[in-house]
Structures are given as C-alpha cells and as structure tokens.
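Read the structure below first, then the notes.
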Amino acid sequence: MVVSAAESASIISSPDEVTGLGEGLWDQFGRRITYLRLSLTEHCNFRCQYCSPAEGTPYFAREDHLRPDEIHLVLRSFQALGLQHLRFTGGEPLIHPQLLGHVGFAKKLGIGKISLSSNGYLLDRLAEPLAQAGLNSLNVSLDSLDPEKFQQITRGGVLPRVLRGIDAARAAGIPRIKINTVLLRSVNGLELASLVDYAVARGLEIRFIETMPLGSAGSGSQDQDYLSASEARAMIEREFGALLPLANSRDQGPARRYTLAGGHGSIGFITPISDNFCATCNRVRLTATGRLVFCLGQEAGMELRPLLRSGIDMAELGKAIAQGIWQEKPERHVFDRDRNRSSKIFMMRLGG
Ligand code: SAM
Ligand code: SF4
C-alpha cells in the first residue's frame, strides 16, 4: 500500500511508533525527513558579507569537532532511517582534510544522492577526485562575474580561480552542477542577465536565492540591498522574455525552476522571505560539532556528540534522532520575525 506523507503522519501517532529503524524520520507536520546537510567545518577561506562577520566567527574547539568514526555512525543511522540525500557543506568543505574519505564512505553506504556546496576556490584541484569518489551533484556559490565586486562580497575571493574551478568540475564530469547566487541589489542587481548567460552557455543550472536575515546579513525585506525573487525574475525577463515554468518545479527542492524560451537552461528562484516553502521541508542539518539543527534560524535541535561519545550504537542513535525530530522540528522558520535572535546565527556555522 502506498500512503502519502500526510496519511503516514496521521497513522503514526506517537514517537515510539516512529523510532523503530526502517520506519523513516517524520515530524509532527506530516513531513518525512530524507535529506541531511552535514557541515564538516565552520572554517572558510572566504568571509562572504551575508554569511560571516569580517573577522570570522569564533572557531569551535578542535576536540569538539566530530571525528570521522562519529560522522560515519551518524550517517549509518540516518541511512537506516531512509536518508536519500546527503549534502556536504561548511564553512568551506573543500578545506576539510577528510572530505574525499567521507564522500567515499557515503557512496559505499549506498546513499542515493551525494552532493556538496562549495565556494569553488579549491575545485580546480579537487573536482576530479570528488567525481571519482562518487559525488553526484555540486553547488558553487557565485554572486558576481565582476572580479572587484566578487572580491568585495567574499572579502578576498579571487574570481578567475573560482571560474577555473567550475570549468574543472565540468571537465571532471560531475553529473549535476548548479550555480547559487545570493540576490543583493548593490552587488548583482545589474548583472542577473550576465549570470544567466554564463550558466546557460555552460549547461549549468542557476538559482537565485533571497538573502536570509541571519548573522551579518541585512534585515530581510526591509533592507535596502534586499532584492526579491519576483523582482529578479522581472529583471531577467526584460532581457530574455518570459521564463517558462518547469513542471513540478519544486520536486527537487525549494527552488521554483524555469527555462528560457525554447527550453534552454534551468533558472531557479529560492524564496525564503517572499514565499515561504517550509511546508515541504524534508531536511535537518548537522554542525561540525554534532548539533543536529532542525530548522534555520531557530534554536530547536539536539546535541549528538555526547550521545556519540557515550558509546551509543546505531539503533539507539537512530531512535534518539527520530524522537528528537518528531518532538522538536518546528513548523517553519521565524527569522523574518525575530531579527534579534537570528542575528546570532551564522550560516558559516550552520552550513546554509
Ligand atoms: N562555503 C560553501 C558555499 O559558499 O557554497 C558552503 C557553505 S555556504 C554557508 C552555503 C550556502 O549558503 C551558499 O550558497 C551561500 O551563498 C548561502 N548563504 C550564506 N549566507 C546566506 C544568507 N544570509 N542568505 C542566503 N543564503 C546564504
Ligand atoms: Fe564561506 Fe560559503 Fe559562507 Fe562564503 S558563503 S563565507 S564561502 S561558508
């Protein structure tokens, strides 16, 4: 019998019934959790203005970072609970010495989709080994094609090197490559069409993301640098004509996806501010120190590190995770309502 997410949630009436391994991970709003974003490190070689303070965030103590064996136990527990998609993120995951080993482990475990978010700076060296290790999908952040603006927004990033990294990823044959552009009126408001051209010419998907008011980022829709996805779309349509919606465009995540006339390219818009998509949330995040975070911009979450260091086994860990998600995953983010609280949350530590 096939049951929908909502039906399943109503069948499963208590945490105990969802904690048996193999039952999957569910929250109380009928959402099944099949996607884990794993931050390997909070360290980064860039300091993007919307993600990090100029001086960076204080680093976690070395001994507080999860060890490889601890990460692998978490992955095995999630896998047993129906994980379909694992994303490595950070900070910058490419600076993490065990990245390739972790990708290889996830591949051996049989996780269906393994992806990675990167600023692209070290991709020219790592694209090939990542492809060999089994990476299915890669997101590269690229906010401007103007070297000076790029340097300013990333506080030191070198654009030609990132573009070389993207070319290396294409040459290595990583199956799916997406460009992520955070919308900022003063940075890329005038170059959205160039960014679309760049991506479409190379067969890459591009997604424009509304800036979330977390950490050092602006104050959301009130900020003068805020650019909504609908305005960005209108700007792009002025250059290229009407964008055509792709059928089931949110099936593969929160982006609403379109093509140019003639079916060229894939242009997505991610709208955490102007069009909330929390109802379809299927994800949780794990920080580099082992905090499982249930929602962006909220404190809800649980510390897995003490459990891991108490010698817990895979089944018990899975139960604890299932119970935590069931009891505490919030219905939606509230960062647009509580700037005071969200200003203390940095994407760099959370993994975006
Ligand atoms: N360093 C990698 C990178 O830049 O892709 C991975 C980590 S980064 C935190 C993951 C994603 O979060 C990036 O695409 C970045 O642009 C996005 N991001 C960071 N801060 C953001 C914010 N305030 N609003 C929207 N997106 C943000
Ligand atoms: Fe580093 Fe990525 Fe944040 Fe930029 S967006 S500071 S590259 S973690």
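Worth knowing before you read on, the calculation uses all heavy atoms, side chains too, and leaves out hydrogens, waters and symmetry mates. It should be emphasised that the depicted structure is a prediction, and the values quoted were computed from it without experimental measurement. Whatever order the structure lists them in is the order used to number ligands and atoms, beginning at 1.
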| field | Identified side-chain hydrogen bond (donor to acceptor under 3.5 Å, both in side chains) counterpart of Y35 within the set K113, R87, Q84 | value |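 For Y35, the side-chain hydrogen bond (donor to acceptor under 3.5 Å, both in side chains) test succeeds with only one of K113, R87, Q84, which is R87.
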| request: From the options N119, N45, T41, select the one residue that forms a side-chain hydrogen bond (donor to acceptor under 3.5 Å, both in side chains) with E92. | output: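 One option only clears the test, and that one is N119.
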Is the closest N or O pair between [X] and ligand 1 shorter than 3.5 Å?
X	answer
M212	yes
Y50	yes
L214	no
T89	no

Protein heavy-atom partner closest to [atom] - residue, atom, separation in Å:
atom	result
atom 27 (C) of ligand 1	M347 CE, 3.9 Å
atom 1 (Fe) of ligand 2	C44 SG, 2.2 Å
atom 12 (O) of ligand 1	G352 CA, 3.8 Å
atom 6 (S) of ligand 2	C48 N, 3.1 Å
atom 10 (C) of ligand 1	G351 O, 3.9 Å
atom 5 (O) of ligand 1	S141 OG, 2.7 Å

| Numbering the atoms of ligand 2 from 1, which are under 4.0 Å from a heavy atom of N119? |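 This gives 7 (S) as the contact atoms.
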| task | Give the numbers and elements of all ligand 2 atoms closer than 4.0 Å to a heavy atom of G91. | result |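 Per the distance check, 8 (S).
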Show me which atoms of ligand 1 lie under 4.0 Å from any heavy atom of [X].
X	value
E210	25 (C)
N180	14 (O)
C51	9 (C), 19 (C), 20 (N)
V182	16 (O), 26 (N)
G90	7 (C), 9 (C)

| message | With a 6.0 Å cut-off on the ring centroids, do H72 and H102 count as close? | response |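 Ring centres of H102 and H72 closer than 6.0 Å.
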| query | Do you see a donor-acceptor pair shorter than 3.5 Å between the side chains of T181 and D143? | reply |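 Side-chain D/A pair, T181 to D143: absent.
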| request: Could you check which of S39, S117, G91 puts a non-hydrogen atom nearest to atom 1 (N) of ligand 1? | output: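 Checking each option, the heavy atom nearest atom 1 (N) of ligand 1 is found in G91.
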| field | Contact check, P213 vs ligand 1, heavy-atom distance below 4.0 Å | value |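 It does not; every heavy atom stays at 4.0 Å or beyond.
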| query | Strictly under 4.0 Å, does any heavy atom of S118 approach an atom of ligand 1? | reply |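 Contact check S118 vs ligand 1: positive.
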| request: Give a yes or no on whether L142 and L190 share a hydrophobic cluster (residues Ile, Leu, Val, Met, Phe, Trp, Tyr; joining criterion: side-chain heavy atoms under 4.5 Å apart). | output: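 L142 and L190: separate clusters.
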| task | Determine which pairs satisfy side-chain hydrogen bond (donor to acceptor under 3.5 Å, both in side chains) with at least one residue from residues 190-200, sequence neighbours left out, and list them in order. | result |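 Matches after skipping sequence neighbours: S144-E191.
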| Any N/O/S of C51 under 2.8 Å from atom 4 (Fe) of ligand 2? |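 So C51 does not count as coordinating atom 4 (Fe) of ligand 2.
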| Full working for salt bridge (charged side-chain N to carboxylate O under 4.0 Å, His left out) between R291 and E303 | CA-CA 4 Å; R291 181 167 176 79; E303 298 294 344; 3.0 Å; yes
| task | Would you confirm whether R309, through its side chain, and E70, through its main-chain N or O, come within 3.5 Å as a donor-acceptor pair? | result |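 Side chain of R309 to backbone of E70, a donor-acceptor pair under 3.5 Å: no, none is there.
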| field | Heavy-atom neighbours of L244 CG exceed 12 at 6.0 Å | value |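 Yes, CG of L244 has more than 12 neighbouring heavy atoms, counting only those of other groups under 6.0 Å.
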| message | Looking at E55, I'd like to know if its CD atom is crowded, meaning that more than 12 non-hydrogen atoms belonging to other residues, nucleotides or ligands lie closer than 6.0 Å. | response |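 More than 12 heavy atoms, drawn from other residues, nucleotides or ligands, come within 6.0 Å of this atom.
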| task | List the steps and the verdict of salt bridge (charged side-chain N to carboxylate O under 4.0 Å, His left out) for R170 and D167. | result | CA-CA 5 Å; R170 294 168 60 218; D167 287 341; 3.2 Å; yes
| For D275 and R256, what are the C-alpha separation, side-chain angles and deciding distance, and is it a salt bridge (charged side-chain N to carboxylate O under 4.0 Å, His left out)? | CA-CA 10 Å; D275 183 13; R256 281 196 196 282; 3.4 Å; yes
| According to the interplanar angle, ranging from 0 to 90°, do the rings of H65 and F60 count as parallel (below 30°), tilted (30 to 60°) or perpendicular (above 60°)? |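 Perpendicular, since the angle between the ring planes exceeds 60°.
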